[in-house]
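Here is how names work: the chains are called A, B, and so on, in the same order as the sequence lines, proteins then strands, and each is numbered from 1. Atom set for the values below is all heavy atoms of this structure, side chains included, hydrogens, waters and symmetry mates excluded.
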Amino acid sequence: MTAGKKVKVRFAPSPTGDLHVGNIRTALFDWAFARHTGGTFLFRIEDTDTTRVTPEYIQAAIDTLKWLGLNWDEGPEVGGPNGPYLQSQRLDIYATWAQKFLDQGDAYHCYCSPEELEAVREAQRAANVAPGYNGHCRDLTADQIAAYKAQGREAVVRMRMPDGTTTFTDAIRGEVTFDHKFVPDFVLVRADGSPLYTLAVAVDDILMEVTHVLRGEDLLSSTPRQIRVYQAMGVKPEDYPTFAHLPFVMGQDNAKLSKRNGEVSIAWYREQGYLPEAICNYLALLGWSPGDDRENVTMQELTELFTVEKVHSSPARFDMKKLEAINGDKIRALTLDDFLTWTLPFLTKAGIITGTDAEVALVKKALPIIQERIVKLDETPALLKFLFVKEFAVDADAVSKITDDASKDILKRSLKELEALTTWDHASIEATLRAALIEDMGLKPRIAFTALRIATTGSTISPPLFESMELLGQSACISRISAALSL
RNA sequence: GGCCCCGUCGUCUAGCGGCCUAGGACUCUGGCUUCUCAAGCCAGCUACGAGGGUUCGAAUCCCUUCGGGGCUACCA
């Protein structure tokens with residue numbers, strides 16, 4: 001199938017909500033496959049279900065893909081030779097093909113009402129036979145049709161599924177066969193004239209010259225229906241796209257990932273401070289591996305290493321802990337400038353800074369000491385807050401730890417030493433404090449520095465103490481310690 | 001129920017008949033380091049769903065079984 005042709009892969013979500021982890025994993029594989037093969041990545045919006053798809057969700061899907069860096073060659077905003085790329089703008093195309101199928105006898109009008117169809121299914125379930133359309137309207141006579149029309153019945157367009165089987169080779173699962181006995185005649189066009197997924201997806205994949213369909217395994221059993229449409233379109237088997245059905249991403253409870261068993265919206269991950277590259281790296285490892293022990297890969301490396309042959313056929317469980325670990329790795333690998341760029345929005349959103357040049361400069365100086373201690377960007381405000389607060393106050397739960405006499409002694413001595421210090425850098429601060437508190441007073445470092453940490457940063461947890469004090473500045477340190485003494 | 005897909009440590013995976021007393025990563029536990037928190041380093045725990053074959057030899061091939069999942073819409 002499609003051998004020799006230039007690869008074209010499509011990602012075609014139906015935006016009935018925010019794109020979720022599963023969608024993104026599919027998009028990522030589509031993208032990686034296209035880039036690996038030097039092919040085209042096509043992005044199409046399947047918005048034929050107008051009751052569930054909204055313009056907001058469509059825009060959100062576009063933004064999400066952009067944010068992740070999954071750039072497309074054909075699709076919304078960038079256009080392309082086979083547009084439009086929103087199915088809602090291609091209705092006339094589907095109508096034309098549906099009519100052709102009707103004319104050819106591949107499809108027929110079905111006048112059964114939803115209620116009648118449901119009754120049939122109910123009976124089938126009761127009789128323990130496979131539920132599905134019973135072919136009631138397959139061979140209606142002209143009189144029967146006239147009678148239905150006279151009753152004012154609306155018709156759907158239904159595809160005739162001939163006896164036999166459909167066999168295709170899935171690039172991930174191998175040869176798969178479906179007996180048409182279990183693939184009932186299916187609806188192509190609703191009674192209101194709007195197309196269904198089964199029609200639109202098949203028509204578009206052919207018209208847009210898609211060579212590879214990598215999609216979720218939930219669509220595996222709909223493949224024979226797509227192939228049936230190709231046949232009716234007159235497409236030769238060697239021109240069918242190659243199918244590859246990706247395994248699911250499951251939640252912790254082994255059910256398809258959903259809001260109930262894990263956070264699924266990419267928007268949520270973005271707000272939490274996950275890096276797009278971390279999300280992509282982690283998702284790439286769900287159902288795929290480079291084949292060796294490599295795990296940390298850049299987007300560039302992913303496109304070099306990705307092949308469908310290495311994709312699994314078994315589902316994978318989503319593990320937030322592993323994502324966090326990878327995110328931490330990616331954060332630590334960031335250059336200072338990139339780290340700054342990623343961090344600033346979190347600090348401004350938290351109200352820690354407003355964005356002045358002085359603030360940004362201080363943040364930049366402080367970032368190196370927190371880079372290896374955060375896993376997500378949203379941890380940054382809490383760690384750097386002490387540098388920017390206008391009204392400094394010691395955390396309520398830490399106050400009691402520095403009001404005892406021993407702590408007061410530590411703070412008093414520290415104050416004296418720091419006031420006398422003429423060179424204000426972390427090495428000098430540390431040398432002075434160690435000499436006075438550890439060597440002279442004989443205190444344990446842990447005890448001595450905890451008291452100072454609370455007094456200067458307001459918390460029992462902070463970036464390294466001496467670096468923090470350097471950044472804070474001599475006068476601020478002195479005034480905070482003085483204030484702590486009168487608590 | 002029927003059809004289809006899937007089954008290696010808790011999780012993601014390596015493995016494609018001998019290199020496997022099953023390797024790596026995350027998690028977890030213990031230790032080292034240490035000014036807190038991290039990071040880093042070291043160690044440990046834990047897996048081929050089960051049962052039959054085939055073979056000198058099976059995690060790897062075949063069959064059965066059990067288990068999980070998907071589909072079964074005028075959703076996608």
Side-chain angles (χ1 to χ4, degrees), chain A residues 12-14 16 46-49 51-53 110 112-114 117-118 121 124-133 154-158 170 172-173 176-179 181-184 186-192 194-198 200-201 215-224 245 247-248 250 252 254-256 282 285-296 312-326 328 332 370-375 379 383 430 433-434 437-438 444-454 457 459-466 468:
Chain A
S14 182
T16 55
E46 310 227 323
D47 55 348
T48 54
D49 186 351
T51 62
R52 297 168 66 211
V53 178
C110 171
C112 297
S113 69
L117 293 172
E118 183 49 44
R121 279 193 290 270
Q124 287 166 327
R125 273 191 286 268
N128 227 347
V129 286
Y133 185 63
E154 302 272 278
V156 300
V157 177
R158 207 177 266 280
D170 186 285
I172 292 169
R173 285 147 216 282
V176 182
T177 298
F178 288 89
D179 192 317
K181 276 191 296 227
F182 309 110
V183 186
F186 55 98
V187 178
L188 295 171
V189 181
R190 293 186 181 89
D192 67 4
S194 62
L196 252 46
Y197 168 78
T198 30
V201 74
R215 55 176 6 177
E217 71 163 294
D218 49 333
L219 270 350
L220 182 61
S221 51
S222 79
T223 307
H245 289 92
F248 283 126
M250 319 285 269
Q252 306 294 350
N254 213 29
K256 239 179 116 175
Y282 174 62
L285 265 17
L286 252 33
W288 174 85
S289 90
D292 52 23
D293 291 335
R294 288 184 70 174
E295 288 205 326
N296 193 320
H312 270 229
S313 48
S314 52
R317 242 83 37 188
F318 184 84
D319 180 12
M320 192 79 79
K321 282 273 196 284
K322 179 97 176 186
L323 204 212
E324 286 177 0
I326 289 177
R332 269 166 252 134
I370 67 163
Q371 190 162 13
E372 70 180 23
R373 29 184 54 84
I374 64 169
V375 153
E379 296 165 41
L383 282 173
E430 178 167 8
L433 257 18
R434 276 191 190 279
L437 304 175
I438 312 304
K444 284 192 192 322
R446 187 187 179 95
I447 302 295
F449 298 142
T450 295
L452 267 171
R453 182 187 311 285
I454 294 172
T457 71
S459 168
T460 53
I461 297 172
S462 82
L465 181 61
F466 311 113
S468 296

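Ranked by how close their nearest RNA chain B nucleotide is to the 5' end, Glu430(A) and Ala325(A) are led by Ala325(A). Where Leu220(A) and Pro195(A) each meet RNA chain B at their nearest nucleotide, the meeting point lying more 5' is that of Leu220(A).
Thr16(A) comes within 4.0 angstrom of no nucleic acid atom, judged by non-hydrogen atoms across all strands. In this structure, His312(A) reaches the sugar-phosphate backbone alone: every heavy-atom distance under 4.0 Å involves primed, P, OP1 or OP2 atoms, never a base. Looking at heavy-atom distances under 4.0 Å, Glu295(A) makes contact with a base. No contact: Gly328(A) has no heavy atom under 4.0 Å from any strand.
At the phosphate of rA14(B), OP1 or OP2 sits under 4.0 Å from a side-chain N or O atom of Ser289(A). OP1 or OP2 of rC35(B) has at least one side-chain nitrogen or oxygen of Arg434(A) nearer than 4.0 Å. Remark: Arg294(A) is not in phosphate contact with rG24(B), judged by side-chain N or O atoms under 4.0 Å from OP1 or OP2. Side-chain N/O atoms of Arg453(A) include none lying less than 4.0 angstrom from OP1 or OP2 on rC37(B). Checking the phosphate oxygens (OP1, OP2) of rA76(B), no side-chain nitrogen or oxygen of Arg52(A) falls inside 4.0 Å. At the phosphate of rC12(B), OP1 or OP2 sits under 4.0 Å from a side-chain N or O atom of Arg317(A).
In this structure, the side-chain hydrogen bond (donor to acceptor under 3.5 Å, both in side chains) partners of Ser194(A), at least two apart in sequence or on a different chain, are Arg190(A), Asp192(A). With sequence neighbours excluded, no residue satisfies ring-ring contact (aromatic ring centres under 6.0 Å, His included) with Phe178(A).
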Tabulate protein N/O versus nucleotide N/O from nucleotides 40-48 of chain B, keeping only pairs under 3.5 Å, one per line.
none

